[in-house]
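Whatever order the structure lists ligands and atoms in, that order sets their numbers, starting from 1. These numbers come from a predicted model, not from an experiment.
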Amino acid sequence: MKAILLLGAPGAGKGTVAARLVATTPYRHVSTGDMLREAVKAGTPIGLEARAYMERGDLVPDAVILRMVRERIEREGPAGAYMFDGFPRTRAQADGLDDLLAGFGAKLNGVFVLVVPREVLISRIAGRRVCRTCGAVFHVVNLPTKVDGVCDRCGGVTYQRPDDTEATVANRLEVYERQTRELVDLYRARGILFEVDAAGSPDATRDRIAQVLAAWA
Ligand code: AP5
């Protein structure tokens, strides 16, 4: 089993670059944000618990996240390669992931932190639109749909995430600095951190990461 992480502030482009990497590498995409949004939509017990945290832009409790990720890996099996997006986000989650991987005889192979200036993060989040049906991500300026409000991929309706409001975004960025940023130092100290300039196009970011992954193959 191989495991990599995409780390970075809200709006850095983790989900966008993950979708591109999945198309060209053997890594499967595990986004805790996407899993939580699905749980909220389906009204599962995890979704009911997570909803209020997400609407405020706060982190969902570590135990909930770790259980959700463990169940996903157990369901899909440890074979193959995993690309985690938006997880871990706290030191406790990082330790939990190490334990989880060790249980499968694996360890973290690399961590890619997407580096983007704050003003770019904010404009990316403000313009983000997501398909209600298939989850495809667009941007009103950077990656617009061909028909306004209609998903290019499946024809579903696009919407603005409820946590993409100005007040919630400010909290999410602050939460990243306070609770997640320290993981950059943790993984740098382990020698597995790759800092990726992600201010350019999604393809340029994808290519930078794919180059490192190809060197491991
Ligand atoms: P989550 O969904 O993980 O949100 P996030 O980390 O805040 O990240 P985003 O989804 O906002 O951004 P992204 O980096 O994926 O950017 P994207 O590719 O969409 O988490 C949401 C919430 O769930 C959290 O606040 C928390 O409550 C909870 N949660 C999730 N995981 C958790 C965990 N592990 N522990 C506890 N709680 C957790 O791109 C953004 C926009 O920019 C898009 O419109 C896109 O089209 C555009 N764009 C992307 N790249 C580029 C580019 N290179 N150039 C131009 N535009 C671009």
Side-chain angles (χ1 to χ4, degrees), residues 5-22 29-40 46-47 49-70 72 83-94 96-97 100 112-117 119-131 135-145 151-152 158-165 167-181 183 196-209:
L5 310 184
L6 298 181
L7 198 62
K14 303 180 294 295
T16 299
V17 83
R20 283 166 168 70
L21 285 166
V22 161
H29 181 204
V30 176
S31 156
T32 45
D34 287 350
M35 290 164 78
L36 289 168
R37 277 183 289 280
E38 274 161 30
V40 169
I46 284 184
E49 186 174 353
R51 186 179 190 144
Y53 292 98
M54 295 174 77
E55 279 174 359
R56 287 195 303 269
D58 288 334
L59 296 185
V60 174
D62 293 330
V64 174
I65 298 293
L66 285 166
R67 194 175 70 234
M68 190 175 75
V69 173
R70 173 180 292 279
R72 169 96 180 247
M83 172 169 46
F84 296 101
D85 154 8
F87 167 83
R89 271 167 133 102
T90 63
R91 180 60 198 253
Q93 290 182 23
L97 176 62
L100 184 57
F112 297 89
V113 58
L114 306 191
V115 181
V116 178
E119 63 276 13
V120 177
L121 295 174
I122 291 171
S123 81
R124 284 186 185 175
I125 294 176
R128 173 167 43 201
R129 298 293 182 273
V130 183
C131 175
V137 177
F138 301 93
H139 188 281
V140 290
V141 177
N142 305 337
L143 190 65
T145 52
C151 175
D152 287 354
T158 62
Y159 77 112
Q160 185 164 33
R161 272 172 41 180
D163 61 343
D164 279 352
T165 59
T168 310
V169 169
N171 187 43
R172 284 164 58 201
L173 291 170
E174 208 249 308
V175 164
Y176 177 78
E177 293 301 326
R178 192 162 25 91
Q179 296 185 263
T180 308
R181 165 84 63 191
L183 300 186
V196 181
D197 174 357
S201 74
D203 285 349
T205 306
R206 186 265 324 271
D207 290 347
R208 289 192 181 101
I209 297 174

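- Looking at D163 and T168, their side chains never bring a donor and an acceptor atom within 3.5 Å of each other.
- The shortest heavy-atom contact between V175 and G57 is CG2-O, 3.7 Å.
- For the residue pair T158 and C151, the shortest heavy atom distance occurs at CG2-N, 3.8 Å.
- With respect to D164 and R124, no salt bridge is recorded, no charged nitrogen being found less than 4.0 Å from a carboxylate O.
- Scanning both residues, L6 and K14, for their nearest heavy atoms gives CD1-O, 3.5 Å.
- With sequence neighbours left out, the ring-ring contact (aromatic ring centres under 6.0 Å, His included) criterion links F87 to F84.
- For ligand 1, the 4.0 Å heavy-atom shell takes in A9, P10, G11, A12, G13, K14, G15, T16, T32, G33, L36, R37, M54, D58, L59, V60, I65, G86, F87, R89, Q93, R124, R128, V137, F138, H139, N142, R161, D163, R172, G200, S201, P202, ordered by chain and residue number.
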